[in-house]
Protein chains: 2
Amino acid sequence: MIDPLSAAAEPSRRRILQLLAARSMTVTEIAAEFTVTRSAISQHLLVLAEAGLVEAEKVGRQRIYRVLPGGLQRLQAEIDRFWTRELDQLVDDAHTIRRDS
Amino acid sequence: MIDPLSAAAEPSRRRILQLLAARSMTVTEIAAEFTVTRSAISQHLLVLAEAGLVEAEKVGRQRIYRVLPGGLQRLQAEIDRFWTRELDQLVDDAHTIRRDS
DNA sequence: GCAATACGTTAGCGAGCACTAACGTATTTG
DNA sequence: CAAATACGTTAGTGCTCGCTAACGTATTGC
């Protein structure tokens, strides 16, 4: 399985996840939000699916994609693992400095 | 300036940020933690610097790298912007499901 | 049954990425 | 001053990425 963070970092896939988080959509609906080809969207969806972030349900001749909450949970866990207390402390310091200026 | 999230997503650069968050280090010290060449580390540091995440201070013949709190702050903001309430809600649902099982 | 629709798949391309090897440049050490 | 150290830089390589164009396959509507 692909690294969720690497999969979600790509700008187009970020937007796809945003769209699908709001509501489940078909491939054509998603592609309508982009300037790139539907084929490109299909491939992005494949990557997101391999990362366990989305899933497709076949309904008639269209496939409805939705996010997988468990995948987002793993993504969040990965971000949390990266965002250690040291990093937190540094960001807090930055806030303090900004407050002082 | 480079997108902080894209810069920080790469696994090697993730580790570099972790190391530098703990303490400022020289290039050789950082490279010692990796199997790749020092040259590769230099180039990763360049990317991180262009993303505004790290900074170098020249001390004698060595350069001491440290993280820039402001850069981490922007990175955190970018993650927060991605992590909308819709995504949060879905993750909460996943937690609930997990609690039920 | 036949055209249209919705989608996956594949080949191929250009660009960028991560990396190594080699070299160049300050700076320190002896 | 010469060797060693610490680092940047650059050319070149293999690989991956994002993308398009083209084609194949179900499914629906007429």
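Here is how names work: the chains are called A, B, and so on, in the same order as the sequence lines, proteins then strands, and each is numbered from 1.
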(request) Give the rounded distance in Å between these two atoms: CD1 of B/Ile2 and C1' of C/dA18. (result) 14 Å

(request) Spell out yes or no: do the side chain of B/Ser39 and the base of C/dA22 have one donor N/O and one acceptor N/O closer than 3.5 Å? (result) no

(message) What residues from residues 58-66 of chain A pass a heavy-atom cutoff of under 4.0 Å to DNA chain C?
(response) A/Arg61, A/Gln62, A/Arg63, A/Tyr65

(message) If you compare every side-chain N and O of A/Thr37 against the phosphate oxygens of D/dC19 (OP1, OP2), does one of them come in below 4.0 Å?
(response) no

(request) Give me the residues of residues 24-36 of chain A where at least one heavy atom lies under 4.0 Å from an atom of DNA chain C, by number, or none. (result) A/Thr26, A/Val27, A/Thr28

(request) Please step through side chain to side chain contact (heavy atoms under 4.5 Å, CB included) for the pair B/Leu75 and A/Phe82, ending with a clear verdict. (result) CA-CA 12 Å; B/Leu75 174 57; A/Phe82 165 75; 4.1 Å; yes

(request) Run through the side-chain heavy atoms of Ile, Leu, Val, Met, Phe, Trp and Tyr, join any pair under 4.5 Å, and report what else lands in A/Val59's cluster. (result) A/Ile64

(request) May I ask you to test the A/Met25-A/Leu20 pair for a side-chain heavy-atom distance under 4.5 Å? (result) yes

(request) Go through residues 44-54 of chain A and report each residue with a non-hydrogen atom lying under 4.0 Å from DNA chain D, sorted by number. (result) A/His44

(request) Evaluate side chain to side chain contact (heavy atoms under 4.5 Å, CB included) for A/Tyr65 paired with A/Thr26, printing each intermediate quantity in order. (result) CA-CA 6 Å; A/Tyr65 277 86; A/Thr26 67; over 6 Å; no

(message) Please report the distance, rounded to the nearest Å, between CD1 in B/Ile41 and P in D/dA6.
(response) 16 Å

(request) Consider only side-chain heavy atoms of I, L, V, M, F, W and Y, link residues closer than 4.5 Å, and tell whether B/Ile79 and A/Leu72 are in one cluster. (result) yes

(request) State whether A/Arg38 and A/Glu29 are salt-bridged, where the test is any N-O pair (Lys NZ or Arg NE/NH1/NH2 against Asp/Glu carboxylate O) under 4.0 Å. (result) no

(message) Whole angstroms only, please: what is the CZ-P distance between B/Arg38 and D/dC7?
(response) 7 Å

(message) Both A/Ala40 and B/Ser42 contact DNA chain D. Taking the nearest nucleotide for each, which residue is further toward the 5' end?
(response) B/Ser42

(message) Under 3.5 Å, is there any donor-acceptor pair linking the side chain of B/Gln43 to the base of C/dC17?
(response) no

(request) Please determine, for the side chain of B/Arg13, which listed nucleotide (D/dC7, C/dT20, C/dA18) has the closest atom? (result) C/dA18

(request) Could you check if a side-chain atom of B/Val67 sits within less than 4.5 angstrom of a side-chain atom of B/Leu17, using non-hydrogen atoms only? (result) yes

(message) Strictly below 4.0 Å, N to O, side chains only: are B/Arg74 and B/Asp3 in salt-bridge contact?
(response) no

(request) Specify the angle, to 10°, made by the local axes at the two ends of the helix from C/dG1-D/dC30 to C/dG30-D/dC1 when five pairs are taken at each end. (result) 10°

What nitrogen or oxygen pairs link the protein and nucleotides 13-16 of chain D at under 3.5 Å?
none

(request) Begin from the C-alpha positions of B/Gln18 and B/Glu33 and carry the test side chain to side chain contact (heavy atoms under 4.5 Å, CB included) through to its verdict. (result) CA-CA 12 Å; B/Gln18 296 279 359; B/Glu33 302 285 332; over 6 Å; no

(request) State, yes or no, whether a side-chain contact exists between A/Val54 and A/Arg66 at a heavy-atom distance under 4.5 Å. (result) no

(message) Quick one, A/Val36 and A/Ser12 - any side-chain contact, counting heavy atoms below 4.5 Å?
(response) no

(message) For B/Leu45 and B/Ile30: C-alpha separation, side-chain torsions, deciding distance, then whether side chain to side chain contact (heavy atoms under 4.5 Å, CB included) applies.
(response) CA-CA 10 Å; B/Leu45 287 169; B/Ile30 299 172; 4.3 Å; yes

(message) I'd like to know if A/Arg63 and A/Glu57 make a salt bridge, using a cut-off of under 4.0 Å between side-chain N and carboxylate O.
(response) no

(message) Quick check on the hydrophobic clustering: are B/Leu68 and B/Leu19 connected, directly or via other members, by side-chain heavy-atom contacts under 4.5 Å?
(response) no

(request) Spell out, as yes or no, whether a donor-acceptor pair under 3.5 Å connects the side chain of A/Arg14 to the backbone of A/Ala9. (result) yes

(request) Inspect the contact between A/Arg15 and A/Glu10 and indicate whether a charged nitrogen and a carboxylate oxygen are less than 4.0 angstrom apart. (result) no

(message) Rounded to whole Å, how long is the line connecting atom CD of B/Glu57 with atom P of D/dG8?
(response) 14 Å

